[in-house]
Visitor: 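Just passing along the structure, written as structure tokens.
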Amino acid sequence: RNLTTDDLQWNVDENGTPTAATGPIGDHTSNNTSGNYMYVETTGSTATPNKSAILQSPCYDLSQLTAPYLTFWYHLQGAQMGSLFVDMNINGTVTTGLWSVAGAQGAYWKQGWLNLAPWVGQTNVRVRFRAVTGAGELSDIAIDDVFVGNLTPTFGCTETTAANYSSAANINNGTCS
């Protein structure tokens, strides 16, 4: 859910963000307009710079998980790009900046992940995605395919068109070539 204590809102979209040269053209799974993703729109004089939008998950119970991970896909394309952070809200206490990426990351979706082992046993865990806008309207930020659950990570290249693609990998470690 969108928090009301921030500056901007996360929006559901399927058709690509309205501003050219920023944002995805479709969701991560299909890379077309058949699915939804969440994004922050940065058009307008009140949307930049350094404005935040926080999307907080429902409550997760990690007490039954032995190898909990958060995985998600993110899209940061634009010449005026800001930053994306993952914060955790544990029993009402927020820890910020546990994962982050800043600046333009290209025109494609990339995978982010966070090992949730420090919170094994917790029953009130909420993930917070915090987007901070860049210098102007070319800083739309998007996320898709968020997963929280047990995962035995196998790091490698998960992009099927890459020369070093690994069908065994379930977390992309950024080594694709």
Visitor: I'd like to know whether Thr96 forms a side-chain contact (heavy atoms from CB on, under 4.5 Å) with Phe85, so could you lay out the CA-CA distance, the side-chain angles of the two residues, the decisive distance to 0.1 Å, and finally the verdict.
Guide: CA-CA 8 Å; Thr96 61; Phe85 299 89; over 6 Å; no
Visitor: Between Thr29 and Asp145, does any side-chain donor sit less than 3.5 Å from a side-chain acceptor?
Guide: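 Indeed, the side chains of Thr29 and Asp145 share at least one donor-acceptor pair under 3.5 Å.
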Visitor: Going by atom types alone, do Asp61 and Thr123 pair a side-chain donor with an acceptor below 3.5 Å?
Guide: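 On atom types as modelled, these side chains do not qualify, holding no pair under 3.5 Å.
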Visitor: Quick one: does any side-chain atom of Thr17 pair with a main-chain N or O of Thr22 as donor and acceptor, under 3.5 Å?
Guide: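 It does hold such a pair.
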Visitor: Just jot down the salt bridge (Lys or Arg N to Asp or Glu O under 4.0 Å) partners of Asp6, sequence neighbours excluded, or say none.
Guide: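 So Asp6 forms no salt bridge (Lys or Arg N to Asp or Glu O under 4.0 Å) with any residue.
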Visitor: Consider only side-chain N and O atoms of Thr133 and Thr42, and report whether a donor and an acceptor are under 3.5 Å apart.
Guide: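 Not at all, the side chains of Thr133 and Thr42 share no donor-acceptor pair under 3.5 Å.
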Visitor: To the closest 0.5 Å, what do you measure between OG1 (Thr175) and CG (Asn164)?
Guide: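 Those atoms lie 5.0 Å apart.
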Visitor: Judged by modelled atom types alone, do Glu41 and Asn11 share a side-chain donor-acceptor pair under 3.5 Å?
Guide: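 Result is no, nothing qualifies.
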Visitor: Locate the shortest heavy-atom distance separating Ala162 from Cys157; write the atom from each residue and the value.
Guide: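 Closest approach of Ala162 to Cys157: CB-SG, 3.5 Å.
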Visitor: Taking all heavy atoms of Trp10 and all of Ala53, pick out the closest pair and write down the distance.
Guide: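 Nearest heavy atoms, Trp10 then Ala53: NE1-O, 3.1 Å.
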Visitor: Going by heavy atoms in the side chains, are Val120 and Thr66 under 4.5 Å from each other?
Guide: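 No, side chains not in contact.
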Visitor: Donor-acceptor pair, distance only, cut-off 3.5 Å: does the side chain of Asn150 make one with the backbone of Leu65?
Guide: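 Looks like no, no N/O pair under 3.5 Å.
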Visitor: Do Pro68 and Trp119 have side chains that get closer than 4.5 Å, going by heavy atoms?
Guide: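 No, side chains not in contact.
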Visitor: I'd like to check Asp87 versus Leu98 (side-chain heavy atoms, cut-off strictly below 4.5 Å). Are they in contact?
Guide: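 Of all side-chain heavy-atom pairs linking Leu98 with Asp87, none is under 4.5 Å.
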Visitor: Look at atom OH of Tyr108 and say whether more than 12 heavy atoms of other residues, nucleotides or ligands are closer to it than 6.0 Å.
Guide: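 No - once you tally the heavy atoms of other residues, nucleotides and ligands closer than 6.0 Å, there are 12 at most.
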Visitor: Met88 and Leu116: side-chain contact (heavy atoms from CB on, under 4.5 Å), yes or no, with the steps?
Guide: CA-CA 10 Å; Met88 298 297 291; Leu116 301 179; 3.8 Å; yes
Visitor: Can you classify the ring geometry of Phe129 versus Phe72 as parallel (below 30°), tilted (30 to 60°) or perpendicular (above 60°)?
Guide: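 Because their plane-to-plane angle is over 60°, the rings of Phe129 and Phe72 count as perpendicular.
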Visitor: Of Val125, Val148, Leu151, which meets side-chain contact (heavy atoms from CB on, under 4.5 Å) against Leu70?
Guide: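 Result for side-chain contact (heavy atoms from CB on, under 4.5 Å) with Leu70: Val148.
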Visitor: Quick one: do Met81 and Ile141 satisfy side-chain contact (heavy atoms from CB on, under 4.5 Å)? Show the steps, please.
Guide: CA-CA 8 Å; Met81 187 50 62; Ile141 295 172; 3.7 Å; yes
Visitor: Do you know the tightest heavy-atom contact between Thr158 and Ala169?
Guide: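 Here Thr158 and Ala169 meet closest at CG2-O, 3.6 Å.
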Visitor: Does any N or O in the side chain of Asn115 come within less than 3.5 Å of the main-chain N or O of Tyr69, such that one atom is a donor and the other an acceptor?
Guide: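 No; zero donor-acceptor contacts below 3.5 Å.
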Visitor: Roughly how far, to the nearest 0.5 Å, is the CZ atom of Arg1 from the CD atom of Gln9?
Guide: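 Spacing of CD (Gln9) from CZ (Arg1) equals 10.5 Å.
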Visitor: Quick check: closest heavy atoms across Trp113 and Trp99, and the distance to 0.1 Å?
Guide: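 Shortest heavy-atom separation between Trp113 and Trp99 comes out as O-CD1, 3.3 Å.
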Visitor: Is Val127 linked to Val12 within one hydrophobic cluster, defined over Ile, Leu, Val, Met, Phe, Trp and Tyr using a side-chain heavy-atom separation of less than 4.5 Å?
Guide: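 Linked within one cluster.
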Visitor: Are the side chain of Glu159 and the backbone N or O of Cys176 linked by a donor-acceptor pair below 3.5 Å?
Guide: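 No; zero donor-acceptor contacts below 3.5 Å.
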Visitor: According to side-chain hydrogen bond (donor to acceptor under 3.5 Å, both in side chains), who are the partners of Asp13, at least two apart in sequence or on a separate chain?
Guide: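 Per chain and number, Asp13 pairs via side-chain hydrogen bond (donor to acceptor under 3.5 Å, both in side chains) with Tyr37.
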Visitor: Is it true that Leu8 and Leu3 fall in one hydrophobic cluster, defined by side-chain heavy atoms closer than 4.5 Å?
Guide: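 Leu8 and Leu3: separate clusters.
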Visitor: Which pair of non-hydrogen atoms, one from Ala142 and one from Tyr39, has the smallest distance, and what is that distance?
Guide: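 Scanning both residues, the minimum pair turns out to be CB-CB, 3.8 Å.
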Visitor: As an exercise, state the distance from CZ of Phe147 to OG1 of Thr71, rounded to the nearest 0.5 Å.
Guide: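 OG1 of Thr71 is found 6.0 Å from CZ of Phe147.
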Visitor: Can you measure from CD (Gln105) to CD (Gln77) and round to the nearest 0.5 angstrom?
Guide: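 That separation rounds to 11.0 Å.
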Visitor: Nearest heavy-atom pair of Ala102 and Ser83: which atoms, and what distance?
Guide: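 In terms of heavy atoms, the two residues are closest at CB-OG, 3.4 Å.
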Visitor: Thr48 and Glu137: side-chain contact (heavy atoms from CB on, under 4.5 Å), yes or no, with the steps?
Guide: CA-CA 7 Å; Thr48 61; Glu137 68 179 20; 5.9 Å; no
Visitor: When rounded to the nearest 0.5 angstrom, what is the spacing between CD1 in Ile90 and CG in Asn124?
Guide: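 The CD1 atom of Ile90 sits 8.0 Å away from the CG atom of Asn124.
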Visitor: Would you indicate whether the side-chain heavy atoms of Lys51 and Thr46 approach each other to under 4.5 Å?
Guide: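 Side chain of Thr46 against side chain of Lys51, heavy atoms only: no contact under 4.5 Å found.
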Visitor: Is there a donor-acceptor pair under 3.5 Å between the side chain of Asn172 and the backbone N or O of Gln111?
Guide: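 Such a contact is absent between Asn172 side chain and Gln111 backbone.
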Visitor: Starting at OG1 of Thr152, measure out to CG of Asn170 and round the result to the nearest 0.5 Å.
Guide: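 Separation between the atoms: 8.0 Å.
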